[in-house]
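Everything on this sheet refers to the single structure shown next.
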Protein chains: 2
Amino acid sequence: MAIFDVKTTGQVREPIARGAPLRAPCGACTVRHLTLCAALEPHELAEISAIVSSVELARGDPLFDEGEPAQHLFNVTSGAVKVYKLLADGRRQMTGFLFPGDFLGLANEETYAYSAEAVTHTVLCRFPRRKLERLLERYPKMEHRLLGMVSHELAVAQEQMLLLGRKTAREKIASFLLMLSRRSVQRGQNGNPVVVPMSRNDIGDYLGLTTETVSRTFTQLKQGGSISLLPGGKVEMADRARLEDIAEGL
Amino acid sequence: MAIFDVKTTGQVREPIARGAPLRAPCGACTVRHLTLCAALEPHELAEISAIVSSVELARGDPLFDEGEPAQHLFNVTSGAVKVYKLLADGRRQMTGFLFPGDFLGLANEETYAYSAEAVTHTVLCRFPRRKLERLLERYPKMEHRLLGMVSHELAVAQEQMLLLGRKTAREKIASFLLMLSRRSVQRGQNGNPVVVPMSRNDIGDYLGLTTETVSRTFTQLKQGGSISLLPGGKVEMADRARLEDIAEGL
DNA sequence: GTCACGCATTGATTTGCATCAATTTGCGAT
DNA sequence: ATCGCAAATTGATGCAAATCAATGCGTGAC
């Protein structure tokens, strides 16, 4: 019961679009070509708008937990979300960080396969899953776009397996910074310096490292002249070409 | 030019279905509910049959390499295939092992995102990508099924990230054996003992370990009474419940 | 302004896995 | 059966990253 859990924390705002269809269901939907609602026909947009609502989370608020019934799909409007899986003893693996334009909650099974939590203050669009599925049946083009998005996510996941299984700490951190930068540019923001909104611990759980190793590796890259650490969680990539070489193991 | 490379090695047989539509494009297509061609209408099957051909590979033969133009999709009919990504210095990460019923070659970009190679003697169905895409446009139900398959693969990939980033060597091997067993059962085969057709080195590259650690961990599990190693690359899971506990980190 | 808490950083030590180097086993070819 | 090669196993050693242990710093609460 993801939605009720969230409501308990007082973070869910009531639907913004109830009865009054918006031009677009949310501000993010036209940001990236991969986004589900981009380039829809007016009547399709209207139908989407009729089922969408808005969710707002504070830093650290849970969105849903692994194993909960998967009742909604979400689209990040602003902020950042982390998704992760846990082992019984608490070991955690981040499977992704999501930014404006990204989707989450797509589940093949009836339950979510991972947990999701806000990294910063975050706003999301929320689509009831059943209703969205009925919509997708009638608009194959939307499903086609969804297939493209999931295929892309799969390719990203495979790249991440290469990182987790075979890259060194140094290579992992370099890859991570470049990834953040690229995605930042995709959203039309500045790619350098890049904002790193998540904690060292979160980064460690994403890259399969400990907090300490993450911290030390940042320091090491700084001392090597590849990056500099700016206040406000920003990282300046002083030598991007070098970072790219490091990331590829050269 | 995947197909011509393969042809050079003399492994590609000419299309089996040219001009003479089959009942089903390949023996595997009805094996699993996730498979693309399962439960198709007769006229859909006929159209699929018209574009499919067959490929046969010997152990170790490449199917395609990362970066090649993605001209075909493949469906494993018999045997086993490994897919992997490489770093510049040769470090390798297996991203999956594929068995009868599994798909590979789905590419969002114009090129393959990974390389594929036969683990054992293998037969595959081959679908020209462009033609299949045109077919999918006309049959949204097939695309819907494809979406389900890719979503499932994504969930598997995320599970693998948890394994790579946070599990110990022992937990990785236990998880791996259980996964092989489950998939073996899905294909209607015996799940215990389970056939392990790939080398220790391949397993290491799948789990982010070295050959030696894989070997030692097998020995350790054997001595602990969880498994026994049988001739012919078979592994008997003597204490499956224990293996499951180990896999979950209990 | 200062207090306190969470987070980042740094240092010392341990450990698990990789690496390197033999040696053995398994298996197909003859 | 025996040869010959590839794969698996085993042992010795080294190193990268984890773990353990303080200490420093910045931000928000009051």
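Below, chains carry the letters A, B, ... as their sequence lines are ordered, and counting in each starts from 1. Computed from heavy atoms alone, side chains included, the values below leave out hydrogens, waters and symmetry copies.
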*Please list all pairs passing the ring pair (Phe, Tyr, Trp, His ring centres under 6.0 Å) test where one or both residues lie in residues 219-250 of chain B, with sequence neighbours left out.*
none
*Determine yes or no for a side-chain-to-main-chain donor-acceptor pair under 3.5 angstrom, with S181(B) supplying the side chain and G191(B) the backbone.*
yes
*Any donor-acceptor N/O pair, Y84(A) side chain to G96(A) backbone, under 3.5 Å*: no
*Just by distance, do the side chain of Y114(A) and the backbone of G105(A) share a donor-acceptor pair under 3.5 Å?*
yes
*Please confirm whether the backbone N or O of D205(A) pairs with a side-chain atom of Q93(A), one donor and one acceptor, at under 3.5 Å?*
yes
*asked:* Quick check on contacts: within residues 211-227 of chain A, what sits under 4.0 Å from DNA chain D by heavy-atom distance?
replied: E212(A), T213(A), R216(A)
*Quick one: are Y206(B) and Q160(B) in side-chain contact, heavy atoms under 4.5 Å?*
yes
_Nearest whole Å is fine: how far is dA8(C) P from D205(A) CG?_
12 Å
*Tell me, which of residues 189-200 of chain B have any heavy atom that sits under 4.0 Å from an atom in DNA chain D?*
S199(B), R200(B)
*Taking the side chain from K85(B) and the backbone from L162(A), do they hold a donor-acceptor pair closer than 3.5 Å?*
no
Within the sub-3.5 Å range, which N or O atoms of nucleotides 23-30 of chain C have a protein N or O partner, and how far apart are they?
none

*Among all residues two or more places apart in sequence or in another chain, which pass the salt bridge (Lys or Arg N to Asp or Glu O under 4.0 Å) test with R91(A)?*
D89(A), E171(B)
*asked:* With a strict under 4.0 Å distance from non-hydrogen atoms of chain B, what nucleotide opens and what nucleotide closes the contacted stretch of DNA chain D, reading 5' to 3'?
replied: dA7(D) to dA12(D)
*Any luck finding a side-chain donor-acceptor pair between H121(B) and E56(B) under 3.5 Å?*
yes
_Quick check: do F176(B) and L163(B) have side-chain heavy atoms less than 4.5 Å from each other?_
no
*Is there a donor-acceptor pair under 3.5 Å between the side chain of R183(B) and the backbone N or O of F97(B)?*
yes
_So which atom in A157(B) and which in M161(A) form the shortest heavy-atom distance, rounded to 0.1 Å?_
CB-CE, 3.4 Å
*asked:* If the condition is salt bridge (Lys or Arg N to Asp or Glu O under 4.0 Å), which residues does R170(A) pass it with, not counting sequence neighbours?
replied: none
*Any side-chain heavy-atom pair from R240(B) and L178(B) closer than 4.5 angstrom?*
yes
Got a list of side-chain donor-acceptor pairs under 3.5 Å for residues 217-236 of chain B, not counting sequence neighbours?
{"unit_1": "T217(B)", "atom_1": "OG1", "unit_2": "T213(B)", "atom_2": "O", "d": "2.6"}
{"unit_1": "T219(B)", "atom_1": "OG1", "unit_2": "S215(B)", "atom_2": "O", "d": "3.0"}

*Expressed in angstrom and rounded to an integer, what is the separation of R92(B) atom CZ from dA18(C) atom C1'?*
16 Å
*Terminal helix-axis angle for the helix from dG1(C)-dC30(D) to dT30(C)-dA1(D), with five pairs defining each axis and rounding to 10 degrees*: 50°
_Students often get this wrong, so: under 4.0 angstrom with heavy atoms, is G60(B) touching a base, only sugar-phosphate, or nothing?_
nothing
*Going by heavy atoms closer than 4.0 Å, what residues in residues 242-250 of chain A are next to DNA chain C?*
none
*Do any pairs count as a salt bridge (Lys or Arg N to Asp or Glu O under 4.0 Å) and have a residue in residues 192-203 of chain B, sequence neighbours left out, and if so which ones?*
K82(B)-D202(B), R92(B)-D202(B)
*For the pair K167(A) (side chain) and A247(A) (backbone), establish whether a donor and an acceptor sit closer than 3.5 Å, ignoring hydrogens and angles.*
yes
*So, the side chain of N192(A) versus the backbone of M237(A): is there a donor-acceptor pair under 3.5 Å, distance only?*
yes
*Mind listing the closest non-hydrogen atom pair of A88(B) and L250(A) along with its distance?*
CB-CD2, 3.5 Å
*Can you check the R91(B) CZ to dA18(C) P distance for me, whole Å?*
13 Å
*Among residues 163-177 of chain A, which contact DNA chain C at a heavy-atom distance under 4.0 Å?*
none
*Any side-chain heavy-atom pair from L104(B) and D102(B) closer than 4.5 angstrom?*
no
